[in-house]
Every structure is written in structure tokens, then in C-alpha cells.
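Have a look at the structure below before the remarks.
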Number of protein chains: 2
Amino acid sequence: MTTNKPKKSDISKEKILKASLELFQVHGYEQTTMRAIAEKANMSLGAAYYYFKTKDELVLHYYAESSKEVEHRLGEILAKESDYKTCFKLLLQFKHEQLLPVRSFFGVLVQQAGNLQNPLSPFSSSTKELRDEAIGQIEYLIENSNLKVHKVLRPHMAKLFWLYQMGIVLYWINDTSHEQVRTNRLIDLSLELILTALSMSNLPLMGQINKSLVKVVQLVESCTATPNLEEQHDA
Amino acid sequence: MTTNKPKKSDISKEKILKASLELFQVHGYEQTTMRAIAEKANMSLGAAYYYFKTKDELVLHYYAESSKEVEHRLGEILAKESDYKTCFKLLLQFKHEQLLPVRSFFGVLVQQAGNLQNPLSPFSSSTKELRDEAIGQIEYLIENSNLKVHKVLRPHMAKLFWLYQMGIVLYWINDTSHEQVRTNRLIDLSLELILTALSMSNLPLMGQINKSLVKVVQLVESCTATPNLEEQHDA
DNA sequence: GGTATATTTTGAACATGTTCAAAATATAGA
DNA sequence: TCTATATTTTGAACATGTTCAAAATATACC
């Protein structure tokens, strides 16, 4: 069931992807119409919809693709560095650079964050796979790094970092400063902050804070992890 | 220039607002069409658009209205309580209850948070007035409370609390648990966390963290405060 | 009241995401 | 090669947010 012959459908799919990428990059997500995409791909509107059920799905495709590239890059980074702060910074910077050309339309993903019902939300159930993949990547990064953190927090670090990283992306998307210098500064400053805070998590008087933090993370997670399991009247 | 005679326009506006509220409540924001609103208000589609330039603007109206109610409620709370934790909790709970009937469609406001260009975003320039109003309310709450926090943090507490509160609302919007018990738990837990953390901000070894935090807040603010002043190539 | 101007209302038209039944084409089995 | 089935393509149609020129109505001034 792997790739045998280049099926016609694959070729058409490619055509649509190529056309949409170009248009999205130039005109952004909203301004690009499905009709324009279909036209540029030399096919009818209906054909485009045969391959991608919604306009959203096109963007989701790039998201998935970039996730794979990040995974690859992560391996490279970890081969050279073990200081987790440096690693995380390199990772964020790579995402930053790699996503630069698609920034104009990639934003829709993040922008829809607040609506868990929207399939485009990074918290929605349709993006769960991608989310878990990203969190797994961070987990891997942490495992292979020198991050020292209280054992109560440890199992939730990857999720926390993922949330943090989503915040950075959100900022980046809306950052209109020249070459996004502000985002870079934010990365530096916030990593500094987190680094310092985490290094304190082993102090005795932090016990309460650590526990509260874990509970909050779990509560947040419980809303995203299984959003489609219908109304869990929990206790 | 105050209310003289009930202008025809005011009556029509009221009719639209009433119709839209009912429809939004029953069917939510997306499912409610402008045509349905116009029909329910006994007027043509174009007339509805004469009073509200976009569908969004209708929701924005309720946002503004509820903000006034919150302000009123805040006065009541502060008259009885001075413990800032209790105050904040009461305030959050009031917002929670008061917004309950509009929860189904009020979410669009928060959901668009990620797109600062979207007028519906609570970070956008079109909602700046409302935002400042809300922050002012929190400022007032803090001033009249017993909150003790490091002087470096003090000037930014209201903004921080506002951000925090937006997070809570975001959670609340998407909380499908029975009677939103999860949101209530989140409020308890996170307030506990913040309370503990803030009470530590005066400790000597927190100096670095405090400073970093302030810088991060300022950086975040710089992206929201003047989003329409065109490309500030800052240093 | 009559006329000029401002306000309000209308309905048609447009753009765009999406659906769908039917047509065209490809594929497999005889 | 011929036929049956599966895949792909098409274009028309629909829903809905939005715009707009023209018509209807109200208001103000004589």
C-alpha cells in the first residue's frame, strides 16, 4: 500500500498544493480564493474540493509538513548541543526562519487557537496528532538535555514548553517590527525568565507552587486532550 | 447632544439588537445569519447593515455593554471586600455568571484573539477602549485591595491580571464540563498559584525574575497598544 | 403647506466557501 | 477489445456576509 505508480490523484494534489502555496504567500490566507487556486492549478473548482475538503485543510497540510522538518532539525541540534536553553532557542529560531515564507497565512492556524471546535485550532481534536508530535519532539529535547527541574513538574515540562512555544508563535504572527526583532527579544527574555524560575523549582518553599502548577496544566490538558468525547460530566 | 427624542434610528437599532440577541443565544454566532436577524427585526437586510456595518459589530456592542455592568458590580464588591483574592474571584465569577447567557456567541470575541488585525480581537486597536476600561477596572480593584507585591511589578499588575483573566475566559468559552465546574476549579487553582507566586515577589532572590517579567509584559504590550501606528521599526 | 435636504429603507447584486448530481475518464476483469 | 466499476472532473447551484444605487421617508426651513 505504499507508493507504486504516481497516481493521477497525486499529481493533481501536488498541482493544487503548489498553486495554493504561491497564492497564499503572495496574498495571504483570506485574500486567496479557492477559485483562484483551482484556476492556477488548471482545474475546476470542484476538482480542488475533491482533494481538499476545505480551504483550511490546505493550510493544515503545510503545518503537518513543517512539523516533519522540525523533527529532522531537532536531531541535528541535539547532536551538537545539550544545553536545553540553547537547544530550545535554536529550535524556536529554526521554526521562526523556516516558517517565515508562510507566515502570512500560517497565522490562521494560531489565530483560530481560541476555538477548540475549529479544526484549524492547534488545540482541536483534528490537530491532536500534530500536537502530540510536537510535544513528543519537545519531550525528546528535554530528555536529551541538562534541564534540572523538580520531579513533580518533570512529567509536564514538555506540555508546558509547548504551550509557551504557542505563545511565542502567536506573538511572532502579529509582530510587525522590522525582521521581527521583537520576537527575538521576547524569546531571549522569556527563556531567561523560565530558566530562572525552573532552576528555583527545587527550592523547598516552591512545593506549593509546583503542585498548583501541575494541577493547572492538567486542567488545561483535560479540555484539549479529548475534546470530541462528548460532554464529560466529570467530578 | 444627549437623549432628546427617541429617534427612529434608535428604535430600529434596538429592534436589531433585540432580534440578534435572541438568535445568537439560541443558535450561536455562526449559525445566525444577518438575513434572519433582519427578518426577525422586521426590516430588510440592507437596513440592518445600515446600523451595524458588520455582523461582528453586533457582538462588540454586547461586549461594551457588559463591560459597563462589570464596572458597576466592581463597586459593589469593593464596598464589602478588601481582600484582593476574594475580590478577583468574585469579579471573575460575576463575569462568568453574567456572560453565561451569551456564552455561545460571546466566544467569537475571544476566539479571534490571535488576530490583532481582526477588530473582534480583544487585543486589536478597535477594542482598545474596552481593553483600557477593563484594565482600569482591575487597576481600581488592586488599588483598593491589600495586594502586596514588589514595587517593580506593581505598575504592571493590572495588565498582568487582565491577561490572566483573558486566559480564564478563553478556557471558560471552551469548557464543556457540567456547569463549567472546570472553569471554577481553574480559577481557584490558578489564583492560588498566582497568590503564592506574588507573595514571593518581595524575596531577594526574585529580583531577576521580577525584572524579566516586567520586560516581557512591556514587550507584549508594545505589540497591542499601538497596533495601527504603522510598522514601527524600533531598535 | 411646499420644497430642499438628510436620513432611512429597500432589494438586487456580488464574492466566495461549499455541495452535488451528472459527465468524463481511468482501471480491471472477461 | 469490450464492459463494468471506480476514480476524477466539471459546472451549476446554494448560503451568507457585504455593498450599493435608487427609492421612500422624515426633517427643517420658507
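The analysis underlying the following values was restricted to heavy atoms, covering all of them including side chains, and did not include hydrogens, waters or symmetry mates. Letters A, B, ... mirror the listed sequences (proteins, then strands); counts begin at 1.
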Could you tell me the separation between the [atom1] atom of [X] and the [atom2] atom of [N], rounded to a whole number of Å?
X	N	atom1	atom2	value
B:Lys55	D:dA15	NZ	P	15 Å
A:Ile16	D:dT9	CD1	C1'	11 Å
A:Leu23	C:dG17	CG	P	12 Å
B:Phe52	D:dT19	CZ	P	15 Å
A:Lys15	D:dT9	NZ	P	7 Å
A:Gln31	D:dG17	CD	C1'	14 Å
A:Met34	C:dG17	CE	P	7 Å
A:Ile37	C:dT16	CD1	C1'	12 Å

Any [X] side-chain N or O less than 4.0 Å from OP1/OP2 of [N]:
X	N	result
A:Tyr49	C:dC20	no
B:Thr54	D:dG17	no
B:Thr33	D:dA15	no
B:Tyr50	C:dT8	yes

- [ ] Could you say whether A:Arg35 or A:Asn42 is positioned toward the 5' end of DNA chain D, judged by the nucleotide with the nearest heavy atom to each?
- [x] A:Asn42
For residues [X] and [Y], report the shortest heavy-atom separation together with the two atoms involved.
X	Y	answer
B:Ser20	B:Ile37	CB-CD1, 3.8 Å
B:Trp172	B:Thr183	CA-OG1, 3.4 Å
A:Arg131	A:Ser124	NH1-O, 2.9 Å

TODO: Please say whether the positively charged group of A:Lys13, taken as NZ for Lys or CZ for Arg, lies over the ring of A:Phe52, i.e. under 6.0 angstrom from the six-membered ring centre and within 45 degrees of the axis.
DONE: yes
Task: Base-pairing mate for D:dA22 - Watson-Crick or G-U, with both contacts under 3.5 Å - done: C:dT9
Task: Nucleotide forming a Watson-Crick or wobble pair with D:dA28, both distances under 3.5 Å - done: C:dT3
- [ ] Output yes when A:Glu71 and A:Lys68 qualify as a salt bridge under the 4.0 Å nitrogen-oxygen rule, no when they do not.
- [x] no
TODO: Could you tell me whether A:Ser44 contacts a base, only the sugar-phosphate backbone, or nothing, with contacts defined as non-hydrogen atoms closer than 4.0 Å?
DONE: base
